[in-house]
Amino acid sequence: MSGARIDRRAFVVAGMAAGAGAAAAPAWAARSPVRPQAGPYRGLRTGAVAAFLGIRYARASRFAAPRPVPAPTGPVDAIGFGPIAPQLGLQDHRQSEDCLFLNVWTPDANPRARRPVMVYFHGGAYTSGTVTDPLTHGHRLAEQGDVVVVTVNQRLNVFGYGWFSPWGDRFADSGNLGQLDLVQALEWVRANIDAFGGDPARVMAFGQSGGGAKIATLMAMPAADGLFHAAATMSGQQVTASGPANARERTRAFLGEIGVREGDMETLLSLPAERLVEGLAARDPILGGRVYFGPVLDMTNLPRHPFWPDAAPRSLHVPMILGNTRDETRAFIDPRGPVLTGLDWSNIAERLAPQIRIDLDPRWVVARYRARYPDWSPARLFYAATTAGRSWPGQVIEADARARAGAQATWVYQLDRPSPVDPLRGAAHTDDIPYVFGTLDAPGSYSGTGGGAAETSAAMIAAFTGLARTGRPGLAHWDAYRLPERATLVIGDGSTAMVADPRRWERELWATAPYIQPGS
């Protein structure tokens, strides 16, 4: 046993009201006596935008598929975020298995408005995270982009992706329940978004990190067909899903951590949620580190890998933006932490080895980089190699696969603008979020609020909302991605430029060996 302990006060009982009105309203919500209304929902005013928070879109029993909820028969307050999914972190948030809530921001809750709809799925590698993060509040994106913004919470980790199918037909959907939650949220959007001024025929799914990976997975799921009409993934790819054998080994590790006998589903169904969360500290038998749960190749809900051996044919008609940041790994390998402390040419290969996902000799990799870039410091080489050998290859594989399959509407970006807040951060993982949402001054943003940040944000909002509105990015000079040119929009400090195949040398070096999707 790991000894991990979860604060029970962070959990709330299941069976909450249809909305989450008991929660405190966000700081940006205006205290106005005039409450905006959309259908039965009564929301909040924030500047020129109406916000409807904590709307229930489904219910679900433990390890079972989500069920749609009937339309409310009376007025429902939608003025506070619902609880987030149970997880090891974010213990200052209310957590509950009853977490299937979404939030809507709209410039005008008029059914005749028919604005494009942007539905956001959060990151956290299927294991953690929430859309209650101030970086992803949708009021500024809705106003600046003249769109309806929806953000979705779902089941995560073992609750959403634990593989219990081997122990009973009633658990046949386990392994992909979190994905089915997202399908149900998109079904709710299709059925209800017109009341909020949205156009159900123009729904764009977008997400960062794990949120992008969830979208890539949806693109291979029959249940998601027709539920979104454009997509954008931000540093989030899913080339392959977890195989059932690896998924079973992870479930076994989890059960061992909490002391439940394999196949004893009655005990597992009766344990309190916080006990299951403690089991997330189990060691992953495939990857090492904490146990990974993600979508499973179950041959029903997910009948094929999303982008292997090719791009899922059912997704090729969906216009898609794929993006990554130039210095992805600076966000989760701390420049001031132990991995970088004392880094030099004598130890860089040893420290590089556990950080990459392509099986090449790190000594050979370092030698190639040093020959190509003799002026680089060990730290610069380390972050370039870990980004190109860990976080970037999935995007290249996905974009190339779509191009090979003839998908005409694919666009790729690379965020190069370094953080002015932290000089050691560069352009790191998550740094594109505040630009797209316009939340430059939100807690957790590294963008700064100066002119360069504002111009970068305006360009990214135009690009993303254009895709939602018309099926192509709202930047006229952004060329579609084709082979062999690999046209890429490089986003700098308030500037954008088209570059053919940026980082070509690194792309070709890392293509020397196959990329293995973490979790597969």
Side-chain angles (χ1 to χ4, degrees), residues 1-7 10-11 62-63 85-91 95 97 123-129 155-167 171 174-178 209-210 213-214 238-265 267-269 271-298 329 331-334 337-339 350-359 362 386 389-391 394 429 515-520:
M1 302 294 288
S2 69
R5 290 292 178 265
I6 305 301
D7 182 356
F11 284 82
R62 184 177 292 181
F63 306 142
Q87 54 193 275
L88 278 171
L90 298 178
Q91 290 301 299
Q95 298 187 10
E97 289 187 70
Y126 302 100
T127 295
S128 59
R155 285 175 290 178
L156 302 169
N157 50 67
V158 71
F159 298 95
Y161 298 94
W163 178 239
F164 300 105
S165 178
W167 298 294
F171 308 109
S174 68
N176 291 300
L177 295 172
S209 193
K214 294 163 191 173
Q238 194 73 44
V239 177
T240 53
S242 179
N246 282 352
R248 184 166 182 163
E249 289 304 307
R250 290 175 166 121
T251 302
R252 284 172 169 156
F254 167 81
L255 293 173
E257 181 74 10
I258 59 174
V260 173
R261 179 176 53 84
E262 186 175 327
D264 183 3
M265 296 305 298
T267 296
L268 199 61
L269 290 170
L271 285 176
E274 55 265 41
R275 186 73 186 98
L276 272 62
V277 171
E278 290 177 357
L280 300 177
R283 181 170 177 80
D284 190 286
I286 313 301
L287 292 174
R290 284 181 174 171
V291 65
Y292 167 90
F293 290 105
V296 179
L297 188 70
D298 64 0
T329 55
F332 40 85
I333 306 174
D334 186 354
V339 176
E350 178 185 0
R351 297 190 187 188
L352 186 66
Q355 305 295 342
I356 58 179
R357 296 292 180 263
I358 294 177
D359 194 4
T386 52
R390 169 178 176 165
S391 300
H429 192 70
Y515 167 74
I516 306 300
Q517 176 86 42
S520 299

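- To the nearest 0.5 Å, the span separating CG on Leu297 from CG on Asn176 amounts to 8.5 Å.
- The shortest side-chain heavy-atom distance between Tyr126 and Tyr292 falls under the 4.5 Å cut-off.
- Here the closest heavy-atom approach between residue Ile286 and residue Asn246 is recorded as CD1-OD1, 3.4 Å.
- If you take CG on Leu177 and CZ on Phe171, they are separated by 10.5 Å, rounding to the nearest 0.5 Å.
- You'll find the side chain of Glu278 stays beyond 4.5 Å of the side chain of Leu271, heavy atoms only.
- Going from atom CG of Leu255 over to atom OG1 of Thr267 covers 10.5 Å, rounded to the nearest 0.5 Å.
- Legend: salt bridge (charged side-chain N to carboxylate O under 4.0 Å, His left out) pairs involving residues 155-164, not counting sequence neighbours, sorted by first then second residue: Arg155-Asp181.
- When atom types are taken as modelled, the side chain of Gln87 and the backbone of Ala85 share a donor-acceptor pair closer than 3.5 angstrom.
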(request) Please report the C-alpha distance between Phe293 and Thr251 in whole Å, then the side-chain angles of each, then the deciding distance to 0.1 Å, and finally whether the side-chain contact (heavy atoms from CB on, under 4.5 Å) criterion is met. (result) CA-CA 9 Å; Phe293 290 105; Thr251 302; 4.2 Å; yes
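- Considering all non-hydrogen atoms of both residues, Thr329 and Ser391 come closest at CG2-OG, 3.8 Å.
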(message) Could you go through Asn157 and Leu88, starting from their C-alpha distance and side-chain angles, then the distance that decides it, and tell me whether this counts as side-chain contact (heavy atoms from CB on, under 4.5 Å)?
(response) CA-CA 10 Å; Asn157 50 67; Leu88 278 171; over 6 Å; no
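- With a 6.0 Å radius and a threshold of 12 heavy atoms from other residues, nucleotides or ligands, Asp359 has its CG atom at or below the threshold.
- Residues Thr386 and Phe332 fail the side-chain proximity criterion, which asks for heavy atoms closer than 4.5 Å.
- Shortest non-hydrogen contact noted between Arg275 and Glu257 is NH2-O, 4.2 Å.
- In terms of heavy atoms, His429 sits closest to Ser209 at NE2-OG, 2.9 Å.
- The line from CZ of Arg62 to CD of Glu97 is 4.0 Å long, rounded to the nearest 0.5 Å.
- A heavy-atom distance below 4.5 Å is found between the side chains of Ile258 and Val260.
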(request) Determine, step by step, whether Val158 and Phe164 satisfy the side-chain contact (heavy atoms from CB on, under 4.5 Å) criterion, reporting the C-alpha distance in whole Å, the side-chain angles of both residues, the deciding distance to 0.1 Å, and the verdict. (result) CA-CA 10 Å; Val158 71; Phe164 300 105; 3.8 Å; yes
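- The shortest heavy-atom contact between Tyr161 and Val296 is O-CG2, 4.4 Å.
- Residues Trp167 and Leu268 are not in side-chain contact: their nearest non-hydrogen atoms beyond the backbone lie 4.5 Å or more apart.
- In terms of modelled atom types and a separation under 3.5 Å, the side chain of Gln95 and the main chain of Leu90 share a donor-acceptor contact.
- Within the 4.5 Å cutoff, the side chain of Phe254 has heavy atoms near those of the Leu276 side chain.
- Among residue pairs with one or both ends in residues 282-296, those qualifying as salt bridge (charged side-chain N to carboxylate O under 4.0 Å, His left out) are Arg250-Asp284; sequence neighbours excluded.
- Considering every non-hydrogen atom in both Gly162 and Ser174, the closest pair reads O-CB, 3.2 Å.
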